[in-house]
Number of protein chains: 2
Amino acid sequence: MARGRKTVTIREVAEDAGVSLQTVSRVVNGGPNVRPQLRDKVRASIERLGYVPSLAAQRMSGSRSYIILAINDRERTLADWRERRGTDWVDQMLLGGILTCSKHGYRMMVELIDTHSDHVERELSAAISALQPDGVVLTPPHSENRLITELLAERGIPFARIGSNTPGPGIALTMGDEGAGHLATSRLIELGHRRIGMIAGPAQYSLSGWRIEGWKRALAEYGLPVEGLLETGDFGYESGTRAARALLDRNPDLTAIIASSDQMALAALEVARDRGLSVPRDLSLISFDNTPIVRFTNPPLTAIDQPIAETVSRAVEQLIAREPADDGDPVIEVAAALVERSSTAPAPGTA
Amino acid sequence: MARGRKTVTIREVAEDAGVSLQTVSRVVNGGPNVRPQLRDKVRASIERLGYVPSLAAQRMSGSRSYIILAINDRERTLADWRERRGTDWVDQMLLGGILTCSKHGYRMMVELIDTHSDHVERELSAAISALQPDGVVLTPPHSENRLITELLAERGIPFARIGSNTPGPGIALTMGDEGAGHLATSRLIELGHRRIGMIAGPAQYSLSGWRIEGWKRALAEYGLPVEGLLETGDFGYESGTRAARALLDRNPDLTAIIASSDQMALAALEVARDRGLSVPRDLSLISFDNTPIVRFTNPPLTAIDQPIAETVSRAVEQLIAREPADDGDPVIEVAAALVERSSTAPAPGTA
DNA sequence: ACAAGTCTTGAGAACGCTAACAAGATGCGC
DNA sequence: GCGCATCTTGTTAGCGTTCTCAAGACTTGT
């Protein structure tokens with residue numbers, strides 16, 4: 001079987017252009033000191049032969065690997081997948097990442113790792129040794145995992161922590177969860193709501209805590225109570241059902257709920273329907289994430305939009321631009337926005 | 001800045017175990033002729049030092065690259081993303097791919113390519129030269145792009161065509177679209193429907209044609225008419241709206257619609273609601289894809305479930321297991337299933 | 001016009017691994 | 001016990017690129 005034509009190497013380009021390997025390499029990498037005339041000649045040869053440098057060889061020669069590694073939680077990803085729950089979050093981060101990587105001649109690779117297992121270090125370590133990425137993007141809950149951040153810091157690999165707002169090591173990229181929690185709550189208060197329940201995410205995600213903080217701050221600003229209005233879920237549908245029931249059982253006068261994920265909001269919507277509560281007439285609902293699902297529910301949900309793709313994109317930009325011996329790692333905020341749909345309305349009995 | 005500890009190389013393992021590099025290499029790759037005693041000794045050293053072979057170096061030395069490349073349509077992916085339409089399809093294929101790759105010590109990389117641009121060849125060629133993947137997974141509409149399949153065949157790179165049922169070159173993996181179209185249509189006929197409209201996908205996707213074939217076959221089996229019952233969309237929401245309107249305008253007696261994507265089905269649902277038609281009382285609806293969205297619509301949609309993850313997983317298995325000089329490329333079918341929810345009911349006026 | 005730079009180019013080593021070959025050890029049949 | 005095949009281990013030569021260093025060509029200031 002004809003193995004097809006051999007790959008074009010830098011050597012062939014060098015011969016074709018009548019220069020040394022090193023000169024071609026300089027042209028390819030935009031090296032500074034090459035006469036324009038020669039440069040054009042080399043470029044012509046590259047174009048004609050269709051030369052593209054081999055990633056593997058580039059890595060081998062000790063420079064960059066042109067690979068950014070994205071770490072996702074295997075457990076959660078698998079569960080989402082198995083239950084066909086939709087993994088839009090993964091999607092978004094991948095898109096933002098891949099697009100930005102390709103813009104800079106990089107590639108993004110995804111690795112699934114169990115945060116909870118005691119192999120975390122080993123798994124991550126193996127991935128890094130095999131790939132030797134130029135940067136790593138950590139998604140929650142990995143962003144907060146000390147074992148992971150310390151390993152990366154020790155290895156001297158630049159990394160970004162998505163959904164974290166604590167300063168280094170590693171670039172932190174937050175979507176302003178405290179602000180988003182505050183924003184959603186404030187809006188409900190403006191609409192006349194006084195008893196606003198919160199279905200938070202698991203404590204293991206620090207962003208869960210921040211959203212709660214924002215919610216509390218808004219309530220405090222209006223002197224509204226907090227007691228008995230907080231429930232915790234795991235972002236999944238079932239946990240949302242439990243939480244919504246608990247909230248409504250405990251607070252007959254509840255008129256609004258903020259859910260920390262679309263799935264939990266969907267569950268709350270269903271619970272409300274079961275109890276004969278009309279959304280938004282009797283109960284207003286705001287969710288977090290704004291995945292495609294919430295546009296097609298009945299009614300469509302008002303939601304906090306998480307600019308995940310944008311955030312990951314920013315993270316990748318930072319990692320690629322990063323100088324090896326750079327100064328302190330920044331904390332970057334990509335603000336979330338409130339998208340109003342039809343699950344929010346003035347509180348019952350309001351003008 | 002301390003660059004962190006250096007990566008462990010095969011050389012260090014060899015020294016630690018007191019053997020040659022080659023022996024370590026053999027142990028790592030499961031080479032056949034190593035004395036058990038030595039093998040265990042080497043394994044112990046590997047374990048102790050935490051050695052993991054460098055992907056780049058492995059590729060360099062002329063063997064496999066341990067990389068499977070997945071090609072997606074940039075245009076469509078970007079549009080999906082921009083409009084936050086949900087790219088569950090991408091998700092599913094990624095998951096199936098990544099999981100199966102990692103099971104075999106491979107990695108999956110995603111590349112977005114414009115099918116329509118005249119750079120297709122160049123883009124693909126560049127990706128292949130840079131990555132030198134051991135296999136390529138083509139998703140629709142790339143699966144049918146001659147420029148692409150010929151390029152891959154010529155280069156001698158094993159590849160799989162998802163959503164295609166025509167024999168080689170390249171492994172074909174179909175979800176049985178003709179059968180699925182037939183299945184959905186038959187079910188509706190069983191329910192007493194006689195005027196069943198079809199909103200097909202774009203002709204550029206060959207699976208669109210197959211679904212139409214299945215629909216026609218089922219109708220023909222019952223001597224039912226086809227005329228005026230076919231509309232074409234582009235899988236997107238807006239096109240679904242247009243198609244559904246056209247269908248209902250032209251056929252006042254229409255009692256069922258099959259839509260070739262969830263988005264188009266959602267649009268049809270909305271059109272029906274606008275016209276005061278109750279789903280499923282007045283109009284039954286079956287969609288293709290079964291993405292998470294359709295579980296949360298009102299009513300939840302009956303849908304043909306596309307086993308995308310499963311299919312991609314099978315594709316990857318095939319590619320990895322592939323011997324270089326293998327015999328003919330197979331055509332593999334991973335059958336789709338009908339998931340009944342609440343958008344289908346007996347035709348109006350039926351027992 | 002000359003010394004001291006700066007720009008431009010090239011030669012050779014190195015990156016970490018495996019393929020191909022070579023050589024020594026072991027087993028087998030007779 | 002000898003010759004041959006087989007098993008086991010080691011040695012050497014790349015794979016395609018960039019890095020380091022060195023040498024030649026060109027500037028510039030005086």
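The sequence lines fix the lettering, A, B, ..., with proteins before strands; numbering per chain opens at 1. None of these values were measured; they are calculated from a predicted model.
Side-chain N/O atoms of Arg35(A) include one lying less than 4.0 angstrom from OP1 or OP2 on dT9(C). At the phosphate of dT18(C), neither OP1 nor OP2 sits under 4.0 Å from any side-chain N or O atom of Tyr66(B). Dashed line: the shortest gap from a side-chain N or O of Asn33(A) to OP1 or OP2 of dT8(C) is under 4.0 Å. Between dT18(D) and Gln58(A), a contact under 4.0 Å exists linking OP1 or OP2 to a side-chain N or O. Dashed line: the shortest gap from a side-chain N or O of Ser20(B) to OP1 or OP2 of dG10(D) is under 4.0 Å. One finds a side-chain N or O of Ser25(A) lying less than 4.0 angstrom from the OP1 or OP2 phosphate oxygen of dT18(D). For dG10(D), one of the phosphate oxygens OP1 or OP2 lies less than 4.0 angstrom from a side-chain nitrogen or oxygen of Thr23(B).
Counting any heavy atom pair closer than 4.0 Å across all strands shown, Arg59(B) reaches no nucleic acid atom. At the heavy-atom level, Val28(A) lies nowhere under 4.0 Å from the strands shown.
A side-chain donor-acceptor contact under 3.5 Å links Ser65(B) and Asp134(B). Ser143(B) and Ser164(B) are not linked by any side-chain donor-acceptor pair at a separation below 3.5 angstrom, with hydrogens and angles left out of the test.
Every residue two or more places apart in sequence or in another chain was checked for a salt bridge (charged side-chain N to carboxylate O under 4.0 Å, His left out) with Glu144(B), and none qualifies.
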